[in-house]
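Notes for the one structure printed next.
Everything numeric here is computed off the predicted structure, so don't read it as measured data.
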Amino acid sequence: MTVDSTVELFDDAGSTATAVIIKIDAASVVVRVDQIDHHQLGQTVTLAVAIPKGERADWMVEKLSELGVWRFVPLTTDRGVVRPGGINKLDRWKRLAIESAKQSRRSGIMKIDPLISTQEALASADSCWYCSTAADTTPIAGMLKTHPPTPGLWIFVGPEGGWSDSELTQFQQANATPIGLTQTILRVETAAIAVAVVIACRGGNAECKMQNAE
């Protein structure tokens with residue numbers, strides 16, 4: 001881009017602005033903002049997810065951001081094998097969330113919390129659902145049709161080893177609702193993205209628009 005190019009700006013709160021570049025060099029870009037559209041992002045669904053191995057976690061964070069997830073909470077679980085720590089990993093995930101927000105032109109930037117345990121997450125949730133492989137569990141699409149997501153809803157996605165008996169007891173004590181995804185056993189990142197897709201489409205009650213990225 002060069003001087004006089006038109007650009008779109010956005011912030012983490014969901015506001016956007018039309019601007020024109022008035023100066024550009026190797027160190028900075030200066031723009032003149034012509035119009036600001038203020039949007040107030042409402043608190044929507046939080047995904048609390050056990051962390052998959054290696055680069056799969058980075059890929060998951062990127063895709064959840066593209067799908068418009070409002071908040072991502074990384075979990076330590078009893079059977080989880082990955083326990084990322086330190087500020088570097090969180091910083092990387094936040095950078096990925098920003099970059100994918102630019103690419104997807106979503107509203108705002110996905111919030112990313114520090115790593116916490118399942119029990120700590122349940123203490124913070126106003127209401128919650130958790131992914132379950134039990135045969136009699138209500139599918140998430142059916143749940144959304146009868147119980148649309150409300151502000152403060154947390155959805156928990158467990159590790160590939162499944163929830164421990166202790167964690168299942170914690171869900172019961174918190175009056176959490178079990179939800180089902182597919183007939184197959186999914187990897188962590190696949191399950192998290194499947195939840196995000198169905199939430200984005202509101203279980204078929206809202207229009208889904210598919211765009212092909214070049």
Side-chain angles (χ1 to χ4, degrees), residues 43-54 56-84 93 110-206 208:
Q43 180 179 344
T44 53
V45 173
T46 294
L47 278 189
V49 186
I51 305 304
K53 297 177 182 178
R56 290 159 50 192
D58 291 351
W59 183 81
M60 178 183 70
V61 168
E62 179 183 71
K63 300 311 171 188
L64 293 180
S65 174
E66 288 180 25
L67 288 164
V69 171
W70 177 74
R71 182 183 179 193
F72 168 69
V73 179
L75 290 180
T76 60
T77 59
D78 291 346
R79 294 177 179 169
V81 296
V82 179
R83 297 175 182 268
W93 287 345
M110 182 172 71
K111 300 178 184 297
I112 300 179
D113 283 22
L115 189 73
I116 59 175
S117 69
T118 303
Q119 186 172 17
E120 290 171 322
L122 282 169
S124 301
D126 295 330
S127 61
C128 54
W129 302 348
Y130 67 98
C131 291
S132 171
T133 57
D136 58 349
T137 301
T138 302
I140 185 173
M143 183 67 69
L144 286 169
K145 289 179 180 179
T146 57
H147 297 81
T150 57
L153 174 65
W154 288 48
I155 300 181
F156 289 73
V157 179
E160 291 174 17
W163 302 111
S164 69
D165 291 341
S166 174
E167 288 167 332
L168 290 173
T169 298
Q170 292 169 22
F171 285 131
Q172 293 174 355
Q173 292 174 343
N175 294 319
T177 303
I179 56 172
L181 291 176
T182 68
Q183 297 296 321
T184 57
I185 303 298
L186 305 178
R187 282 187 165 186
V188 178
E189 68 275 18
T190 309
I193 290 169
V195 170
V197 169
V198 178
I199 290 293
C201 294
R202 291 293 190 272
N205 291 332
C208 293

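- Ring planes of F171 and Y130: parallel class, angle under 30° (limits at 30 and 60°).
- Within 6.0 Å of atom CD in E160, more than 12 heavy atoms from other residues, nucleotides or ligands are found, so the atom counts as buried in its surroundings.
- Side-chain contact between V61 and M110 is present, with at least one heavy-atom pair separated by less than 4.5 Å.
- When every heavy atom of C128 is checked against every heavy atom of L122, the shortest pair comes out as SG-CD2, 3.6 Å.
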Evaluate the side chain to side chain contact (heavy atoms under 4.5 Å, CB included) criterion for residues W129 and V45: first the C-alpha distance (whole Å), next the side-chain angles of each, then the deciding distance (0.1 Å), finally the verdict. CA-CA 10 Å; W129 302 348; V45 173; over 6 Å; no
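- T77 has its side chain out of reach of S164: every pair of non-hydrogen atoms, C-beta onward, lies at least 4.5 Å apart.
- Taking CD of Q172 as the reference point, atom CD of Q170 lies at 10.5 Å (rounded to 0.5 Å).
- Side chain of E167 to main chain of D78: a donor-acceptor pair is present (N/O by atom type, distance under 3.5 Å, no hydrogens or angles).
- E120 CD to T76 OG1: the interatomic distance, rounded to the nearest 0.5 Å, is 7.0 Å.
- In this structure, L47 CG and L64 CG are separated by 6.0 Å, a value rounded to the nearest 0.5 Å.
- Of all heavy-atom pairs spanning P178 and S132, the tightest one is CB-CB, 3.9 Å.
- Within the 4.5 Å cutoff, no side-chain heavy atoms of E62 are placed close to those of D58.
- One distance of note links CG of L75 with CD1 of I116; it measures 6.5 Å at 0.5 Å rounding.
- Considering only residues two or more places apart in sequence or on other chains, F72 meets the ring pair (Phe, Tyr, Trp, His ring centres under 6.0 Å) condition with W93.
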Taking only distance into account, with no hydrogens and no angle test, what donor-acceptor pairs under 3.5 Å do side-chain atoms of residues 183-201 form with protein atoms, sequence neighbours excluded?
from	atom 1	to	atom 2	distance (Å)
T184	OG1	T182	OG1	3.0
E189	OE1	R56	NE	3.3
E189	OE1	R56	NH2	3.1
E189	OE2	R56	NE	2.9

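- In this structure, the separation between CD1 on I140 and SG on C131 is 6.5 Å, given to the nearest 0.5 Å.
- W59 places none of its side-chain heavy atoms less than 4.5 Å from the side chain of P52.
- Using a 4.5 Å heavy-atom cutoff, the side chains of R79 and W163 are not in contact.
- At distances below 3.5 Å, not a single donor-acceptor pair connects side-chain atoms of T137 with backbone N or O atoms of T133.
- Here the NE2-CD1 distance, from H147 to I179, works out to 12.5 Å after rounding to the nearest 0.5 Å.
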